[in-house]
Amino acid sequence: MTTGSKHVSGTRQWLRGLEVFAGPLPEFDPASAPADPVRLFLSWLVEAVADGVRDPHAMTLSTVDSAGDPDARVLILKGVDAAGWQFAGHAFSPKGGQLACHPRAALTFYWPEHGRQIRIRGAVTPGSAEENATDFLGRSATARAEALLARQSQYLMDIAERDQALEKSRAVIEREPSLVDSAWTLYTLAPSEVEFWQAAQNRMHTRLRYERAGGDWERFQLWS
């Protein structure tokens, strides 16, 4: 066996030895789940906040680019209501370009302390100019200044150049506190599927999927 294969084998064994779903984990009875997935999501989110789960409103946004290659990043949930789940970003960022090309996405929440995962898929639409402006102005001055630069994910060759550009952008914000970046967008993902996954220590996990049928939701329990 080569040194490389020994290392891979050792890593595999090490990973297998890591504890997962240590518990105690909450109970989940799909039979008592509400008819609307938003209600169940909010109840799980409230439990996560109450139990001190870190960053419970952080989620992974998955999109695809023009070549069909997947991309993912962690964002903060901005809101959820009957219309869907909201997140924000710059229209000229990679995710903005990907959503303009393929306006569908997936969201994933994972709360390890509770052994809970929520997966959401659906179409994504941009907000109105008023909604976008409200979200932009609700950000910190530094976050707004950075957004105005419109250089997210570009190559950074000189830290000093970045700091100088950000300082100039901050000065613009100070002079014009109501300035709004017209490319800033509040997106809403309208779900076609929402899946709730509850881990169990015996690995007999519980999965409940909501699927939209017309204007109504149907519920299906899935094999784990």
Side-chain angles (χ1 to χ4, degrees), residues 21 25-51 53-65 68-91 93-128 131-132 135 185-200 205-224:
F21 308 136
L25 301 175
E27 297 290 332
F28 174 44
D29 178 14
S32 63
D36 184 346
V38 171
R39 286 179 55 198
L40 182 55
F41 173 83
L42 289 174
S43 70
W44 278 24
L45 179 60
V46 168
E47 288 181 37
V49 172
D51 289 348
V53 173
R54 293 190 62 180
D55 303 325
H57 54 334
M59 61 190 183
T60 299
L61 166 69
S62 300
T63 54
V64 294
D65 63 17
D69 291 326
D71 204 353
R73 74 289 286 163
V74 176
L75 300 178
I76 295 298
L77 177 69
K78 291 302 188 78
V80 58
D81 54 28
W85 277 253
Q86 287 92 41
F87 59 92
H90 204 281
S93 69
K95 59 181 171 289
Q98 290 163 6
L99 288 169
C101 183
H102 296 291
R104 298 188 65 82
L107 301 175
T108 307
F109 293 83
Y110 179 54
W111 302 321
E113 296 91 336
H114 284 177
R116 284 177 167 175
Q117 180 179 204
I118 302 171
R119 302 168 60 203
I120 308 159
R121 297 199 301 175
V124 178
T125 55
S128 65
E131 291 169 331
N132 297 341
D135 186 82
T185 307
L186 181 68
Y187 296 97
T188 297
L189 187 152
S192 56
E193 296 179 5
V194 185
E195 182 183 316
F196 295 83
W197 185 90
Q198 174 65 68
H205 310 311
T206 301
R207 294 173 64 189
L208 178 67
R209 178 186 292 167
Y210 290 76
E211 297 180 4
R212 193 182 288 279
D216 299 321
W217 289 100
E218 294 184 6
R219 289 174 292 174
F220 302 93
Q221 194 162 348
L222 308 177
W223 286 75
S224 60

Extract all donor-acceptor atom pairs below 3.5 Å that involve side chains of residues 36-47 and protein atoms in other chains or at least two apart in sequence.
{"from": "Asp36", "atom 1": "OD1", "to": "Val38", "atom 2": "N", "distance (Å)": "2.9"}
{"from": "Ser43", "atom 1": "OG", "to": "Leu40", "atom 2": "O", "distance (Å)": "2.7"}
{"from": "Glu47", "atom 1": "OE1", "to": "Arg116", "atom 2": "NH1", "distance (Å)": "3.1"}

Per side-chain contact (heavy atoms from CB on, under 4.5 Å), Phe28 is matched among Gln198, His205, Arg207 by Gln198
Rounded at 0.5 Å granularity, tell me how far CG in Leu208 sits from CZ in Phe196.
7.5 Å
Is there a donor-acceptor pair under 3.5 Å between the side chain of Gln117 and the backbone N or O of Gly115?
no
To the nearest 0.5 Å, tell me how far Ile120 CD1 sits from Leu61 CG.
11.0 Å
Closest approach of Trp85 to Pro191 (non-hydrogen atoms, all atoms of both residues):
CZ3-CG, 3.5 Å
Side chains of Arg121 and Ser62, donor plus acceptor under 3.5 Å
no
Reported OH-to-OG1 distance for the pair Tyr187 and Thr125, which is rounded to 0.5 angstrom:
10.5 Å
For Phe87 and Leu189 the tightest heavy-atom approach is CE2-CB, 4.4 Å
Heavy-atom closest contact (Gly89 atom, Lys95 atom, distance):
CA-CE, 3.9 Å
Rounded to the nearest 0.5 Å, the CZ atom of Arg119 sits from the CH2 atom of Trp197 at a distance of 11.0 Å
For the side-chain contact (heavy atoms from CB on, under 4.5 Å) test, which of Asp135, Asn132, Leu99 pairs with Thr185?
Asn132
In terms of heavy-atom contacts, Leu25 and Ala199 come closest through CD1-O, 3.4 Å
How long is the straight-line distance from OG1 of Thr206 back to CD of Glu27, given to the nearest 0.5 Å?
8.5 Å
What distance do Ser192 atom OG and Tyr210 atom OH have between them, rounded to the nearest 0.5 Å?
15.0 Å
Using the salt bridge (charged side-chain N to carboxylate O under 4.0 Å, His left out) criterion, which residues pair with Arg212? Sequence neighbours excluded.
none
Residues 102-114 side chain polar contacts: donor-acceptor under 3.5 Å, at least two apart:
{"from": "His102", "atom 1": "NE2", "to": "Asp65", "atom 2": "O", "distance (Å)": "3.4"}
{"from": "Trp111", "atom 1": "NE1", "to": "Pro56", "atom 2": "O", "distance (Å)": "2.9"}
{"from": "His114", "atom 1": "NE2", "to": "Asp51", "atom 2": "OD2", "distance (Å)": "2.8"}

